Visitor: 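Take a look at this one; I'll ask things after.
Owing to the predicted nature of the structure, the values given are computational and were not obtained by experimental measurement. Both counts, for ligands and for their atoms, begin at 1 and track the order of listing.
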Amino acid sequence: MKIGIIGAGNIGGNLTRRFRGLGHTVFVANSRGPESLADLAAETGATPVSVTEAARSGDVVIVTIPEKNIPDLPRELFAGVSDSVVVVDTGNYYPQQRDGRIAGIEDGMVESRWVSQQLGRPVVKAFNNIYAEHLLKLGKPAGSPGRIALPVAGDDERAKSVVLKLVDELGFDAVDAGGLDDSWRQQPATPVYAADFDAEGVRRALASASKDRRPEWRAKSGAGAV
Ligand SMILES: NC(=O)c1ccc[n+]([C@@H]2O[C@H](COP(=O)([O-])OP(=O)(O)OC[C@H]3O[C@@H](n4cnc5c(N)ncnc54)[C@H](OP(=O)(O)O)[C@@H]3O)[C@@H](O)[C@H]2O)c1
């Protein structure tokens, strides 16, 4: 597959490593431009590109940058990109540690619904609840005891099935976590977040999640607005 990755940090870098290891063609971008990705390119064989090129290069495009930077992406990033291209959001909202106040989310919008609105595209939410290092190192063949499972949420069943398959290829059981409006069940502070459960554990954790956003996962009053 051709995979575009926007963001080359902890998650984007490790997804580049893993997808290249599986033989996929990867186009990777960051905020500083392709020259700054020479080391990652040399290590993995991925092609460094601009953000706009990454959005136009994949059958799947993974957006994996801090939530607060989503509005900085080029306007019309996906204009003209075929509807068949699957866009994946790995993001999490960290208002107190990193992102400041994002009004839409504070007002109750599901995090990935806000990202989808900003991008002007449907997204599939995946890879947001596992540590980057575990994504790199803890994948196992299908059927292995204790294989970690990852929830995948999205409204388009075809797009979701593409991502469910990629999750399995990476060495994780893939659990259909419902539509995008259900994806609060895998946001930070929920039972499934960074828990490394197996498939049964993921299903149980999603079912037992509570929708309340606790104060420590809300922006402090006066924090910068996005
Ligand atoms: N770290 C984890 O274990 C983990 C796990 C699951 C989910 N997540 C979530 O996944 C997202 C990415 O996390 P991360 O830890 O990989 O972040 P990170 O290590 O801080 O890397 C962020 C990447 O995004 C790029 N970037 C920032 N603004 C950009 C812009 N406007 N245009 C293009 N690229 C931009 C940065 O490029 P430059 O370096 O050039 O600025 C950098 O490559 C976050 O929402 C995070 O909460 C993280």
Side-chain angles (χ1 to χ4, degrees), residues 3-19 26-41 43-44 46-58 61-78 87-100 102 104-105 109-116 118-119 123-139 148-153 163 166-167 170 172 177 183-184 186-190 192-197 202 216-217 219 226:
I3 300 179
I5 303 185
I6 298 175
N10 297 301
I11 290 285
N14 283 348
L15 283 176
T16 300
R17 293 180 177 93
R18 293 297 325 280
F19 283 131
V26 176
F27 300 87
V28 61
N30 64 4
S31 77
R32 285 166 293 150
E35 310 73 36
S36 66
L37 291 168
D39 288 350
L40 184 62
E43 177 194 338
T44 63
T47 305
V49 292
S50 70
V51 169
T52 304
E53 286 170 313
R56 280 159 176 68
S57 300
V61 177
I62 301 173
V63 179
T64 181
I65 71 174
E67 212 85 323
K68 70 177 165 54
N69 296 351
I70 292 281
D72 301 337
L73 289 170
R75 295 275 147 231
E76 311 287 319
L77 180 59
F78 289 102
V87 180
V88 178
D89 167 35
T90 79
N92 293 307
Y93 177 45
Y94 276 75
Q96 297 191 13
Q97 296 90 334
R98 185 190 63 198
D99 295 322
I102 296 179
I105 296 175
M109 204 180 287
V110 171
E111 292 171 19
S112 283
R113 184 63 73 193
W114 179 82
V115 171
S116 171
Q118 296 294 311
L119 297 178
V123 300
V124 175
K125 187 179 192 76
F127 305 120
N128 77 296
N129 76 311
I130 182 167
Y131 289 115
E133 197 188 347
H134 293 191
L135 193 53
L136 182 68
K137 295 183 179 161
L138 298 187
I148 294 171
L150 301 180
V152 177
V163 181
L166 284 176
V167 167
L170 287 167
F172 303 94
S183 68
W184 58 267
Q186 67 193 72
Q187 288 180 177
T190 59
V192 81
Y193 194 68
D196 288 350
F197 290 135
V202 164
E216 59 271 32
W217 291 95
V226 172

Visitor: So which protein heavy atom does atom 43 (O) of ligand 1 come closest to, and at what separation?
Guide: A8 N, 2.8 Å

Visitor: Checking the side chain of N129 only, and the main-chain atoms of V192 only, is there a donor and an acceptor separated by less than 3.5 Å?
Guide: yes

Visitor: Output yes when the distance from some N or O of ligand 1 to some N or O of F127 is under 3.5 Å, and no in every other case.
Guide: no

Visitor: Just going by heavy-atom distances, which of A132, A54, A126 is nearest to atom 3 (O) of ligand 1?
Guide: A132

Visitor: If you define the side chain from C-beta out and look only at heavy atoms, does anything of V28 sit under 4.5 Å from T47?
Guide: no

Visitor: Using a plain distance cutoff, I'd like to know if R98 has any nitrogen or oxygen under 3.5 Å from a nitrogen or oxygen of ligand 1.
Guide: yes

Visitor: Taking K68 for its side chain and I102 for its backbone only, find out whether a donor-acceptor pair lies under 3.5 Å.
Guide: no

Visitor: Could you check whether S36 and N30, counting side-chain N and O atoms only, form a donor-acceptor pair closer than 3.5 Å?
Guide: yes

Visitor: Quick one: are F127 and V152 in side-chain contact, heavy atoms under 4.5 Å?
Guide: no

Visitor: Which residue holds the protein heavy atom closest to atom 5 (C) of ligand 1, what is that atom called, and what is the gap in Å?
Guide: I130 O, 3.1 Å

Visitor: Any side-chain heavy-atom pair from F78 and V87 closer than 4.5 angstrom?
Guide: yes

Visitor: Using only heavy-atom distances, determine whether the side chains of N10 and Y131 contain a donor-acceptor pair under 3.5 Å.
Guide: no

Visitor: For ligand 1, which atoms, with element, lie under 4.0 Å from some heavy atom of Y131?
Guide: 3 (O)

Visitor: What protein heavy atom sits nearest atom 10 (O) of ligand 1, and how far off is it?
Guide: T90 OG1, 3.0 Å

Visitor: Looking only at protein heavy atoms, which one is nearest to atom 20 (O) of ligand 1, and what is the separation?
Guide: P66 CG, 4.3 Å

Visitor: If you measure every N/O of V51 against every N/O of ligand 1, is any gap under 3.5 Å?
Guide: no

Visitor: Can an N or O of S31 be found at a distance shorter than 3.5 Å from an N or O of ligand 1?
Guide: yes

Visitor: Looking only at side chains, do N14 and E133 share a donor and an acceptor under 3.5 Å apart?
Guide: no

Visitor: What do you reckon, does R32 have a nitrogen or oxygen under 3.5 Å from a nitrogen or oxygen of ligand 1?
Guide: yes

Visitor: May I ask you to identify the nearest protein heavy atom to atom 16 (O) of ligand 1, giving residue, atom name and distance to one decimal place in Å?
Guide: I11 N, 2.8 Å

Visitor: I'd like to check whether N92 has a polar contact with ligand 1, where a contact means an N/O of the residue lying under 3.5 Å from an N/O of the ligand.
Guide: yes

Visitor: What protein heavy atom is closest to atom 15 (O) of ligand 1, reported as residue, atom name and distance in Å?
Guide: N10 ND2, 3.0 Å

Visitor: Looking only at protein heavy atoms, which one is nearest to atom 32 (N) of ligand 1, and how far off is it?
Guide: L73 CD2, 3.6 Å

Visitor: State the atoms of ligand 1, each with its element, that fall below the 4.0 Å cut-off from a heavy-atom position in G91.
Guide: 45 (O)

Visitor: Measure from the ring center of Y93 to the ring center of W217 and say whether it is less than 6.0 Å.
Guide: no

Visitor: With no hydrogens and no angle check, just 3.5 Å: does a side-chain donor-acceptor pair link S112 and D89?
Guide: yes

Visitor: If only atom types and distance count, is the side chain of E53 paired as donor or acceptor with the main-chain N or O of S50 below 3.5 Å?
Guide: yes

Visitor: Starting from atom 24 (O) of ligand 1, find the nearest protein heavy-atom neighbour and note its residue, name and distance.
Guide: I65 CG2, 3.4 Å

